[in-house]
Amino acid sequence: MSEAGGGRGFGSSVPQRAPWSLVAAAAALCLVSATSVWTAGASPMSREEKQKLGNQVLEMFDHAYGNYMEHAYPADELMPLTCRGRVRGQEPSRGDVDDALGKFSLTLIDSLDTLVVLNKTKEFEDAVRKVLRDVNLDNDVVVSVFETNIRVLGGLLGGHSLAIMLKEKGEYMQWYNDELLQMAKQLGYKLLPAFNTTSGLPYPRINLKFGIRKPEARTGTETDTCTACAGTLILEFAALSRFTGATIFEEYARKALDFLWEKRQRSSNLVGVTINIHTGDWVRKDSGVGAGIDSYYEYLLKAYVLLGDDSFLERFNTHYDAIMRYISQPPLLLDVHIHKPMLNARTWMDALLAFFPGLQVLKGDIRPAIETHEMLYQVIKKHNFLPEAFTTDFRVHWAQHPLRPEFAESTYFLYKATGDPYYLEVGKTLIENLNKYARVPCGFAAMKDVRTGSHEDRMDSFFLAEMFKYLYLLFADKEDVIFDIEDYIFTTEAHLLPLWLSTTNQRLSKKNTTSEYTELDDSNFDWTCPNTQILFPNDPLYAQSIREPLKNVVDKSCPRGIIRVEESFRSGAKPPLRARDFMATNPEHLEILKKMGVSLIHLKDGRVQLVQHAIQAASSIDAEDGLRFMQEMIELSSQQQKEQQLPPRAVQIVSHPFFGRVVLTAGPAQFGLDLSKHKETRGFVASSKPYNGCSELTNPESVMGKIALIQRGQCMFAEKARNIQNAGAIGGIVIDDNEGSSSDTAPLFQMAGDGKDTDDITIPMLFLFSKEGSIILDAIREYEEVEVLLSDKAKDRDPEMENEEQPSSENDSQNQSAEQIASSSQEVDLVDQESPEESSLNSHPESLSPADTDNAAASISPSEQNSNPTENHETTSLDGECTDLDNQLQEQSETEEDSNPNVSWGKKVQPIDSILADWNEDIEAFEMMEKDEL
Ligand code: DMJ
């Protein structure tokens, strides 16, 4: 492969190879770098600058890995805000996302081959010794089969692949005797009982010690799994079989893939998101290239590359053709229904699909890869990171970002394919953003909300397994890596498997099995990759010319509806009733509802509720239409809820010892100064008297020119605002009077006006839940003078401010500890309002919960049911500018009244002693860390 990678160009043959590996080599050729032929476009980046960026990646990796090893190991993951290990069972459960944690030092195993790629051979040798010495794979823990396969089995195999490579080179790992492979085999056998189903699709979870379906196993009752969960095994399992000669692993993974292929929707050639592992019925019939399906497609193409088995390429090409026909709406990739692929299943995209341009490069389809990548980059430029989900008009749909690597992965592959230095600049931006917004003293913290810059106390292992590899390789020249990367294929977790496995222990391979699939149109199958000459026909500006029209796709985008569906019905067929067109007063619509088995219930409060009983539908087609209608309605209603909401705001503590590191996510007000349109407000805080702010303040001298703190309750928010404004306050923070309330558990809260004209209120007002409010109140007790910044988004830390005051080292340590405590308490969970389907995206594919197919229900408010919600989306003013939705939204308000007048302030404060005790516990650790950093 290295010769092929050396510049033969796409589609050229590699005659030195045995015929079997030719197949793998041919597909892998799509990765060949075009760097050497690239001469124009974005300004080239100098070798020095590339080296500088490469070194920066190394330093960042050291910061992440070093802190994990020092403060978390042997735990599975580092909690970078509280600077300790995440041990399952010892932390509050996060649901499915915790199923990746098996008490097997996950981050260490996931980092093994990254160490070698980053030229840290000595550290790799140490890490392997630690894995062999410390890691136990026999814990009584229920883990995800998918995650354990891609991260742990893949990590061990990647480690083994590079260990034997190093051993052969003769300097490092001379003592190594396949120990990692033995562990991988042990783990492989532990996963096998999961495949004990008639379909051959694996159960989603397994107990590492007790397997499945025994009482002590506590798992094995699940009926569904996600397509990616069942279809992302073949690379690791086949590698395990071929390395060890034990064919059973490859056999099982192939069987699962065969079953999925059999179950594809035959007319659209698409697969759904979740499938019943016993019956093979599709549980969720929506289909995209992101969460729940992503790596199934990836593994079909890569299985062909690694194993040289034509059938995998046939399948991939068949699916790819369907994806490009139905899902791809360049530059967007939008989920559709497998049975009605012209119907979009949702109006938003998830961050996981950012891997797809990389896969398209591997396939050799560069144009759509460039387009989608460019669109994603513009979303990133807007929010610094890719939010977990964003709408077709590029608004944040789901604001978290757990430091996912998919976009970096695609950037790397696009650079390899085009050699366009533009992609190096993209990588540079990724590095800058990570350092600026995600870096914390003890590692890198996931973003809780990309809009406010708040953090979450998590650093997932894939950040080390993937992000650093792709970023480092992006800037590395061939000689910067101690082996030839093109001799390997990347698994979905970026673990490296050698391509020579294609010729080893190949008993199970079904080469040239096209006869099995004769019903397929063979003309769809590309058997070779496109040639660079065709890809970039004498035009060095090729990639740039594709990006150019998309330059402003995000900024200039006006909210849009989905147009394609309407187009599809111009053919004459009667369109099914769309949720957005539904009017509860239209008798024809009610008739259609009835046919679809949907009944309409008028609730006492004026809302109407829709409930579907599939068996009451007139036919199975009507039942399916009804289900789609309900899904649309649920999504529409959750989207409307979101649109009625103003985005969250940020309260950032900027005075010593916080210096902007503490960012609290705050609820906005529907009155007063709009922080998104004006400059932020900065000032010292002062408590108002009376604390509820419900009458003229008795301490105007303390509040004058400051940001007043007021307790929620006993009068309207607007009244409080007027009272503090009259006393001369420049802003106000209302702190929730419900003890223990927290943005961790409550949906974003916004303060409504009092139903009257609130134009007289000109100061900004923000709302903090009690847990976040306590952080400010405790800071006042501790430091007296506390200055905050009220804004729509946290601002960069102000270095000048840090210099203004030189804290003593003791204070400094306390400061960092305070940040840990504060940061870990300020998490916002905006997704409380979201459907379970949406909220599960964060974790991993298998956690996408199925919609209740038999009995779905959605509620809409009277104001919603008669309006056409899409009007808002599609409104474009005559001059082509987008209309100001904010103004429209502000008109929709609810009033806030006295909630809990009897709770006294004193009872609500978390004792400062206990906070300080917590802080002090961390001081020592942070002093150590500071030293290290210096
Ligand atoms: C990784 O664990 C793998 O890439 C997986 O296939 C899906 N994405 C996560 C990281 O986002």
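None of these values were measured; they are calculated from a predicted model. Order of appearance sets the numbers: ligands from 1, and atoms from 1 within every ligand.
The side-chain heavy atoms of Tyr320 and Ser328, taken from C-beta on, include no pair separated by under 4.5 Å. With a 4.5 Å cut-off on side-chain heavy atoms, Ser199 and Lys263 do not count as touching.
Ligand 1 has Glu466 within reach: a non-hydrogen atom of the residue lies less than 4.0 Å from it.
Residue Glu147 has no N or O atom closer than 3.5 Å to an N or O atom of ligand 1. For ligand 1, one of its N or O atoms has an N or O atom of Arg404 under 3.5 Å away. Note: no N/O pair closer than 3.5 Å links Asp294 and ligand 1 by distance alone.
Proximity to Leu352 (heavy-atom distance under 4.0 Å) selects the following atoms of ligand 1: 7 (C), 8 (N), 11 (O). Using a 4.0 Å cut-off to heavy atoms of Ile150, the atoms of ligand 1 that qualify are 2 (O), 3 (C), 5 (C).
Among residues two or more places apart in sequence or in another chain, the salt bridge (charged side-chain N to carboxylate O under 4.0 Å, His left out) test is passed with Lys120 by Asp62.
Note: Phe195 and Phe237 meet the aromatic proximity criterion, with ring centroids under 6.0 Å apart.
Under the 3.5 Å distance criterion, the side-chain polar atoms of Asp460 are left unmatched by any main-chain donor or acceptor of Phe462.
Contacts of Pro405 with ligand 1, taken as heavy-atom pairs under 4.0 Å, involve the side chain alone.
Between Tyr412 and Phe490, the ring planes lie perpendicular to each other; the angle is over 60°, past the 30° to 60° tilted range.
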